[in-house]
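Numbers restart at 1 for each chain; the letters A, B, ... are given by sequence-line order, proteins then strands. The analysis underlying the following values was restricted to heavy atoms, covering all of them including side chains, and did not include hydrogens, waters or symmetry mates.
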2 protein chains.
Amino acid sequence: METKKQIVSSTPEPTIRRLPMYLSYLKNFLSDGREYISAPHIASDLRIDATTRTKDLAYIGISGKPKIGYSVPVLINYLEEFLGYNRNDLAFLVGAGNLGTALLKYEGFKNTGLRIVAAFDNDTRKIGGKIGGVEILPIDKLRNMIERMHIAIGIITTPEGVAQSIADMMIGWGIKAIWNFTPAIIKAPEGIFVENTSIYSNLAVIINKIQNQ
Amino acid sequence: METKKQIVSSTPEPTIRRLPMYLSYLKNFLSDGREYISAPHIASDLRIDATTRTKDLAYIGISGKPKIGYSVPVLINYLEEFLGYNRNDLAFLVGAGNLGTALLKYEGFKNTGLRIVAAFDNDTRKIGGKIGGVEILPIDKLRNMIERMHIAIGIITTPEGVAQSIADMMIGWGIKAIWNFTPAIIKAPEGIFVENTSIYSNLAVIINKIQNQ
DNA sequence: TTTTAATAAAGAATTATTTCTTTATTAAAA
DNA sequence: TTTTAATAAAGAAATAATTCTTTATTAAAA
Ligand SMILES: NC(=O)c1ccc[n+]([C@@H]2O[C@H](COP(=O)([O-])OP(=O)(O)OC[C@H]3O[C@@H](n4cnc5c(N)ncnc54)[C@H](O)[C@@H]3O)[C@@H](O)[C@H]2O)c1
Ligand SMILES: NC(=O)c1ccc[n+]([C@@H]2O[C@H](COP(=O)([O-])OP(=O)(O)OC[C@H]3O[C@@H](n4cnc5c(N)ncnc54)[C@H](O)[C@@H]3O)[C@@H](O)[C@H]2O)c1
């Protein structure tokens, strides 16, 4: 039987993961007052092959001028647009513990399009309080709130053991993407996107490098 | 001119990043009381191709039995050994703020080989105190402490702007690997390994997925 | 025993990503 | 102007990683 492969000409994931790095670098560069930057320049600073970088930027639809390079402010604009920093994506966070608190207090999200509009916990001592200006609500309000506010992104910072059940709830009530900070492997149906921020993966790479000198 | 390519037959990085996932999954599986597990079984649960998984496990030197699968306790042992969870790798953390505090309090590191033995900050209100049982020391003690304790791993959770200067210090005094949680791009000489845990990269992937439905 | 079916292992093919090479463009210098 | 050199863009090649295919192994069933 013949299967037709669907061609989804989208930006490669490695590219997407590199884009915030360019943005951080360029903002820094701009603060030095320089207006144009060239591919080889970025490449040598970032230790990425110049071609890779040129292609990354081509994906987001910006081109430079030979002999001159790219306009840094334009580049920054394009990157922010592509990364959705001009959008306003609302998210809920479940698990206002150590990590949850750090995320709720995190100033860095202000520059991105992400806004955590409420947090949920099952610890009565936390419920009713505010962290980083965000209210902590009882977990049984989650359903109503997701449905009412059409929240698309759910952040999970609960203990590993309850992560799947929280995810199931979120998905059931309409969340489209889950940002999972726990080591749990979240199972989700087709169409629901799960992104893991796994500190253990990073640690594994570090330890592996150290072991092999 | 001819250049001879050095063949470093090491475990691929994607594999290394997946290993902690297997470990988490298998520990969970073990708690159900089952002793053996097969490749297709893991594969379907983890939504990774069965071959990929078999190859991943082959890299860490474990083989299964046809018709039976792998012994879960043995698999767990091998994974923990490979990931260095039986080692005792000492680390320093610089920047005892929101994120630093979460990491210092994090119970999860206890199972891994990583031990954060001291934290450093330049905020006099924090210095002298303890977070998660770890002492907060003044930043100017960093040199002496790294040299005396032969610390190999440096964790950076300071504001982005000072990250490079902290890294330079760490490298100068003998740190071999830097775990950078800031969005800064850390420049380091050959031989010093820098691992970035970049929340922005994760966010970028999520937003990109949402934008393209 | 012999057969069967589940499974691991090895190898081949495919796909994705990066790096290298060539060509085209253009601002600045001659 | 014309030439030069820096650079982007396009295309080709190489590399890395994943997925598919075949073969070998082995415990359980017949
Ligand atoms: N602390 C870190 O630095 C860090 C780093 C990486 C990953 N993580 C992971 O993040 C998760 C949280 O870690 P932490 O250190 O913040 O733990 P924590 O115990 O401090 O926080 C967990 C929070 O979840 C709440 N909670 C528990 N069950 C709940 C439920 N059923 N519904 C709603 N809320 C519930 C708790 O009340 C608590 O506030 C863990 O899975 C951990 O592995 C933590
Ligand atoms: N908070 C989060 O959830 C989060 C998530 C991802 C990444 N980050 C990144 O982690 C870093 C820290 O974030 P945060 O929210 O914890 O910020 P924070 O301001 O709470 O913490 C920064 C800490 O660094 C200390 N510090 C500042 N300059 C220093 C110096 N020169 N030497 C030693 N210590 C110094 C400060 O005193 C403070 O304690 C930032 O770069 C941020 O982008 C934070």
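- If you measure from atom CZ of B:R17 to atom P of D:dA16, you get 16 Å, rounded to the nearest angstrom.
- Summarising the geometry, the separation between CD1 on B:I48 and C1' on D:dT19 is reported as 13 Å, rounded to the nearest angstrom.
- The interatomic distance linking B:R18 (CZ) with D:dA16 (P) rounds to 16 Å, in whole Å.
- Within the 4.5 Å cutoff, no side-chain heavy atoms of A:V194 are placed close to those of A:K187.
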Going through the distances and angles, do A:Y25 and A:D45 end up as a side chain to side chain donor-acceptor pair (under 3.5 Å)?
CA-CA 9 Å; A:Y25 168 80; A:D45 274 3; 2.6 Å; yes

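- At a threshold of 4.5 Å between non-hydrogen side-chain atoms, the residues B:L83 and B:L23 count as touching.
- With the 3.5 Å cutoff on both pairing distances, Watson-Crick and G-U pairs in DNA chain D assemble into runs of at least 3 at C:1-30 with D:1-30.
- At a cut-off of 3.5 Å, with distance as the only test, a side-chain donor of A:T182 or A:N180 sits close to an acceptor on the other residue.
- A side-chain donor-acceptor contact under 3.5 Å links B:D168 and B:Q164.
- The interatomic distance linking B:I42 (CD1) with C:dA6 (P) rounds to 18 Å, in whole Å.
- In this pair, A:Y200 and B:Y85 present their aromatic rings tilted. The plane angle is within the 30 to 60° band.
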Identify all pairs in which a protein N or O lies below 3.5 Å from an N or O of nucleotides 8-11 of chain C, and state each distance.
residue, atom, partner, partner atom, Å
C:dA8, OP1, B:A39, N, 3.1
C:dA8, OP2, B:A39, N, 3.3
C:dA8, O3', B:G64, O, 3.4
C:dA9, OP2, B:Y70, OH, 3.4
C:dG11, O6, B:K55, NZ, 2.8

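- Judged purely by distance below 3.5 Å, without hydrogens or angles, the side chains of A:D56 and A:Y22 pair a donor atom with an acceptor atom.
- Regarding A:L46, its CG atom lies at a distance of 13 Å from the P atom of C:dT19, rounded to whole Å.
- Applying the ring pair (Phe, Tyr, Trp, His ring centres under 6.0 Å) criterion to A:F92, with sequence neighbours excluded, gives A:F120.
- Computed from coordinates, the B:D49 CG to C:dT15 P distance equals 14 Å when rounded to whole Å.
- The CZ atom of B:R47 sits 18 Å away from the P atom of D:dT18 (whole-angstrom rounding).
- Rounded to whole Å, atom C1' of C:dA27 lies 12 Å from atom OH of A:Y36.
- With contacts defined as side-chain heavy-atom distances shorter than 4.5 Å, the pair B:E80/B:K27 qualifies.
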